[in-house]
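Just so you know, these numbers come straight off a predicted model, no measurement behind them. One-based numbering, in listed order, for ligands and for the atoms of each.
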Amino acid sequence: MVAVGSKCRTCKAPAIIDLPRHNAHFCAEHFLELCRRQVVKAIEKFDMLSKDDRVLVAVSGGKDSLAVWDMLIELGYQADGLYLGLGIGDYSDTSAVYARNFATERGLHLIEVSLRGEYGYDVPTAARATKRVPCSACGISKRHLFDSEALKGGYTVLVTGHNLDDEAAVLFGNTLRWDVEYLARQAPVLPARNGFPKKVKPLVRLTEREMAAWCIVRGIDYLVEECPMAVGNKHLAYKAALNEIERQSPGSKAAFYLNFLDNMAPLLTGITAAATDTLQQCNSCGAPTTGDMCAFCRLAEKAGAHEPVPVELVIGKGRKR
Ligand code: AMP
Ligand code: FES
Ligand code: ZN
Ligand code: ZN
C-alpha cells in the first residue's frame, strides 16, 4: 500500500498507507484519526446524528457497513445492527457469518431478517419472477426492510455504509443521463417523513480503499467477495471510470461528489419536495406509496408465488441504476 521509507505526515513514523488525494502518507494511528475526522465532519455538516439518537446500522458483512458500525460505537453512539438475509446462495450465508461474528465479538445487538423465512421469497427468485435485473428486486427489498425494521424497533435513524465511491458512481450514472429526479434525491441525509425513518450515510467522505484499510488496521474480518449477481453491472463500470480519472488526477472523485452537494444539490430541492407530496398508504402493509400497493408488497406477492430459483440461474444479469 505504501513505498518503503515513507513517513507519516503527522508524526513522521513509518507510514502504512499513502492517500494521494491528501498528498500524504499516514501511520496506522493517524490514518484512523483522519477517518474519524472525516466521519465527524460528515455527521456535523449534514446534521446526521446526535448522541440521543437510537441508531440502526444496516450491515451487509462487507467492509463499509462493518467499518461504519465500528466507528459509530467508537464515537459513543448507541447503535444496533440490521442484517437482511437476501437468499443469494453462499454469498448471503457467508456474509451473515461476518455480520454475526462482528456483533458477537463486541457484545453488540444484531437484528436478523430473512426474506425467505419471513416473506416467502429470495432475491434470485424475485429476479426471475419479475424478469428484471436482480439488483432491482434486491434494492426494493432492502429499502423497504430498512424502513420497516427501523420504525418497528423504534430507531430514530437508519445508517448505511455507502461510501464516496458508491455515491460518486451513482452521481456519475445520474449525470450521464441527466436524470434530474434521481439527482435531486441524491443526498447523504434523507430526513424522516411520514412513514419513513431518517436515513444517513456517514461514510460519504471516505473511499472504498480507505474503508478496507480501516478494517485491516482495526482487525475487522469482512466479506471481500462482491455480490455474484453484480457481475457486469453499470455501477461497477462507473466506479472503474472514476478510478481511472482519480489515478490521473487525485482528488477528482471527492471534488465531483462533494462539490455537487455544495453547489448543485441546493438548486434541486424543489423537485424532491414535489415528488413526495402525493404519497398514500399501501393497502397491504401500510407503508407510504404512490399506488394502492407498495412495490415491496407487489414484489413479495409475485415472487412468493414462484417456485424457488437458485442463484446460479440468475447470475451476471447486472445492476440497474
Ligand atoms: P449495496 O447496495 O450492496 O452497495 O450496499 C449498500 C449498503 O446497504 C451497505 O453499506 C449496507 O449498509 C446496506 N446493505 C447491503 N446489503 C445488506 C444486507 N444484506 N443487510 C443489511 N444491510 C445491507
Ligand atoms: Fe447483489 Fe445487485 S443483487 S449487487
Ligand atoms: Zn503518525
Ligand atoms: Zn406494502
Side-chain angles (χ1 to χ4, degrees), residues 6-17 24-34 56-69 72 79-88 91-96 98-100 110-115 119 122-123 134-136 138-150 158-163 165-167 169-170 195 199-204 206 208 211 217 222-223 225-227 229-230 233 235-236 239 279-301 319 321:
S6 309
K7 302 264 189 283
C8 171
R9 175 163 84 184
T10 312
C11 70
K12 310 295 175 231
I16 57 135
I17 189 166
H25 297 77
F26 293 94
C27 70
E29 181 192 336
H30 292 114
F31 167 69
L32 296 182
E33 195 176 286
L34 177 137
L56 185 62
V57 184
V59 284
S60 64
K63 59 189 180 323
D64 306 301
S65 48
L66 291 179
V68 75
W69 197 6
L72 294 182
D80 293 344
L82 168 66
Y83 173 81
L84 306 177
L86 302 169
I88 307 174
Y91 171 78
S92 288
D93 297 341
T94 317
S95 60
Y98 284 99
R100 243 172 249 149
L110 180 71
I111 299 169
E112 292 194 43
V113 177
S114 154
L115 263 190
Y119 296 93
D122 51 45
V123 167
C135 298
S136 164
C138 184
I140 290 171
S141 309
K142 282 192 291 204
R143 280 192 297 276
H144 180 88
L145 294 171
F146 289 167
D147 292 346
S148 60
E149 288 299 317
L158 181 105
V159 167
T160 55
H162 292 97
N163 58 37
D165 294 70
D166 296 322
E167 296 305 292
V170 173
K199 280 181 270 191
V200 305
K201 301 172 180 173
L203 299 185
V204 288
L206 289 162
E208 224 160 81
M211 290 305 85
V217 174
Y222 63 90
L223 182 65
E225 208 182 297
E226 291 281 343
C227 173
M229 297 197 295
N233 75 33
H235 191 72
L236 292 181
K239 279 189 176 176
L279 296 179
Q280 59 190 65
Q281 282 196 323
C282 167
N283 59 23
S284 174
C285 74
T289 177
T290 47
D292 292 339
M293 204 193 249
C294 74
F296 177 80
C297 288
R298 277 185 277 128
L299 180 71
E301 194 172 80
R319 176 190 297 235
R321 286 267 182 182

Pair Ser60, Ser95: side-chain N/O donor-acceptor within cut-off below 3.5 Å =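 No, because no side-chain N or O of Ser60 sits under 3.5 Å from a partner of the opposite role on Ser95.
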Any heavy-atom pair between the side chains of [Y] and [X] that's under 4.5 Å?
X	Y	value
Ser65	Thr160	no
Ser6	Pro14	no
Gln281	Thr289	no
Ile17	His25	no
Val57	Val68	yes

May I ask you to check whether over 12 heavy atoms, not counting those of Gln280, lie within 6.0 Å of atom CD?
->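 More than 12 within 6.0 Å, yes.
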Any N or O on [X] sitting closer than 3.5 Å to an N or O of ligand 1?
X	value
Gly161	yes
Leu86	no
Asp166	no
Leu84	yes

Is the side chain of Asp165 donor-acceptor paired with the backbone N or O of Glu208 at a distance under 3.5 Å, no angle test?
->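 Side chain of Asp165 to backbone of Glu208, a donor-acceptor pair under 3.5 Å: yes, one is there.
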Closest to the Zn ion (ligand 3), which N/O/S atom of His30 is it?
->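 Per the distance ranking, His30 contributes ND1 as its closest N/O/S atom to the Zn ion (ligand 3).
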Out of Glu149, Lys142, His235, whose heavy atom sits nearest atom 1 (P) of ligand 1?
->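 The nearest heavy atom belongs to Lys142.
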Nearest non-hydrogen atom to atom 7 (C) of ligand 1 belongs to which of His162, Lys201, Glu112?
->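 Minimum heavy-atom distance to atom 7 (C) of ligand 1 goes to His162.
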Heavy-atom pair with the smallest gap, counting every atom of Gly161 and Asp64 |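 Closest approach of Gly161 to Asp64, heavy atoms only: O-CB, 3.1 Å.
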Parallel under 30°, tilted from 30 to 60°, perpendicular over 60°: which one fits the rings of Tyr119 and Phe296?
->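 Ring orientation, 0 to 90° scale: perpendicular.
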With the threshold set at 4.0 Å, does a side-chain nitrogen-carboxylate oxygen contact exist between Lys239 and Asp166?
->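 Here Lys239 pairs with Asp166 in a salt bridge, since their nearest N and O are under 4.0 Å apart.
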Result of checking Leu82, Val59, Asp80 against Leu110 for side-chain contact (heavy atoms from CB on, under 4.5 Å) |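 Looking at Leu82, Val59, Asp80, the match for Leu110 under the side-chain contact (heavy atoms from CB on, under 4.5 Å) is Val59.
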Can you give the angle Cys8 SG - the Zn ion (ligand 3) - Cys27 SG, rounded to 10°?
->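 Between SG of Cys8 and SG of Cys27, the angle at the Zn ion (ligand 3) is about 110°.
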With a cut-off of 4.0 Å, which atoms of ligand 1 are near a heavy atom of [X]?
X	answer
Leu82	21 (C)
Thr160	12 (O)
Ser65	10 (O), 11 (C), 12 (O)

Which protein N, O or S atoms lie under 2.8 Å from the Zn ion (ligand 4)?
->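 Metal shell, protein only: Cys282 SG, Cys285 SG, Cys294 SG, Cys297 SG.
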Val59 contact mode with ligand 1 (heavy-atom cut-off under 4.0 Å) =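 Answer for Val59: backbone.
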